[in-house]
Amino acid sequence: MTGHPLPTPAGRCVVLGVVNVTPDSFSDGGDWFEPEAAIAHGRALLAAGADVVDVGGESTRPGAERPTLDEELRRVLPVVEALAADGAVVSIDTMRASVAAAALGVGAVVVNDVSGGLADSELVEVVVAAQCPMIAMHWRGHSVGMQQRAAYGDVVADVCAALASRRDALLAAGVLPDRLVLDPGLGFAKNAEHNWALLAHLDALVALGQPLLVGASRKTFLGRVGVPDGAPARPPRDRENATTATSVIAAQAGVWGLRVHDVAGTLDALAVVDLVEAHR
Ligand code: PMM
């Protein structure tokens with residue numbers, strides 16, 4: 001069989017370190033926009049213990065405009081190529097089939113599609129041809145207008161149903177069952193209440209039977225934790241403690257992986273979870 005197996009370190013969650021090669025991501029926009037800075041950042045995340053580096057060239061913050069295809073390729077390819085050449089396990093965070101194919105061509109081994117294959121129907125064909133792992137996130141449309149689609153009857157049931165239907169379609173298309181990861185898409189067409197409800201019921205998402213990834217790191221809903229009503233939200237970099245708490249909750253719920261900015265802090269938190277588990 002070709003293609004990289006799903007990374008699975010013994011005894012703990014997979015930690016994906018975020019490398020956003022974008023001028024405008026909410027969490028770290030502009031910090032790593034030049035390829036050299038993004039490569040150095042990826043190397044720092046790997047040195048801190050990241051199992052996977054997740055390289056993306058399109059900001060998905062609410063309201064963000066999409067880059068052109070050429071611009072997205074220009075952003076991500078040198079970074080993917082350099083980190084893969086170092087021996088890193090690289091995932092490409094893209095909704096475009098041609099970006100996924102080009103990134104796989106220069107060494108990426110995982111495709112992370114926040115649209116779960118819905119934005120570009122050809123992306124699934126790229127994944128199937130490569131037999132590579134795919135992360136399929138719950139998604140209700142592109143960033144412009146995304147928060148107007150944050151309406152659910154029962155958010156946990158609705159997201160589970162949508163992910164189950166994505167799972168069935170992707171498996172029918174030929175994505176390998178042991179290489180398909182699902183993701184509830186915290187912050188994507190979801191308000192804070194929706195995100196908290198999903199975190200409270202990760203067991204229902206784990207029960208879908210596929211490995212589950214959670215990406216809570218630094219997201220807007222964490223900016224209000226511990227902040228009085230009316231006071232300004234915490235900026236993204238001041239959301240790390242709250243992020244770590246979500247990582248512990250997700251690890252205890254049995255998720256496969258965590259997509260985070262602070263790799264070292266996440267690994268410490270996972271070590272604590274393991275030590276407590278070992279003493280049960
Ligand atoms: N969130 C962002 C980008 N890509 N991919 C997956 N699978 N899950 C996520 O939750 C996710 C993602 C946006 O966050 P960022 O600006 O920190 O990259």
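Counting from 1, the numbers follow the sequence of the chain as shown. Just follow the structure's listing: the first ligand is 1, and inside any ligand the first atom is 1.
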What atoms of ligand 1 come within less than 4.0 Å of a heavy atom belonging to [X]?
X      : value
Val114 : 4 (N), 5 (N), 12 (C)
Asn20  : 15 (P), 16 (O), 17 (O), 18 (O)
Leu213 : 7 (N)
Thr60  : 2 (C), 3 (C), 13 (C)
Gly215 : 10 (O)
Ile135 : 7 (N)
Asn112 : 5 (N), 6 (C), 7 (N)

Looking at His261, Met137, Lys219, Arg259, the heavy atom closest to atom 10 (O) of ligand 1 belongs to Lys219

Using heavy-atom distances, let me know which of Leu16, Val18, Leu186, Asp183 sits nearest atom 6 (C) of ligand 1.
->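 Selected option, by shortest heavy-atom distance: Asp183.
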
The answer for which part of Val214 has a heavy atom under 4.0 Å from ligand 1 is neither

When you look for heavy atoms under 4.0 Å from ligand 1, do you find them on the side chain of Asp54, its backbone, both, or neither?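 Neither; nothing of Asp54 gets under 4.0 Å from ligand 1.
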
| Are there more than 12 heavy atoms of other residues, nucleotides or ligands under 6.0 Å from atom CG of Asn241? |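 No, not enclosed.
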
Any sub-3.5 Å donor-acceptor pair from [X]'s side-chain atoms to [Y]'s backbone N or O?
X      : Y      : answer
Thr8   : Leu6   : yes
Arg239 : Arg218 : yes
Arg149 : Arg140 : yes

Worksheet item: side chain to side chain donor-acceptor pair (under 3.5 Å) with Glu58: which of His142, Arg75, Arg66?
Response: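 Among His142, Arg75, Arg66, the one that satisfies the side chain to side chain donor-acceptor pair (under 3.5 Å) with Glu58 is Arg66.
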
Non-hydrogen side-chain atoms of Leu205 and Leu198 separated by less than 4.5 Å:
yes

Worksheet item: Side chains of Ile135 and Asp113: closer than 4.5 Å at any heavy-atom pair?
Response: no

*May I ask you to decide if the ring planes of His138 and Tyr152 are parallel, tilted or perpendicular, using 30° and 60° as cut-offs?*
tilted

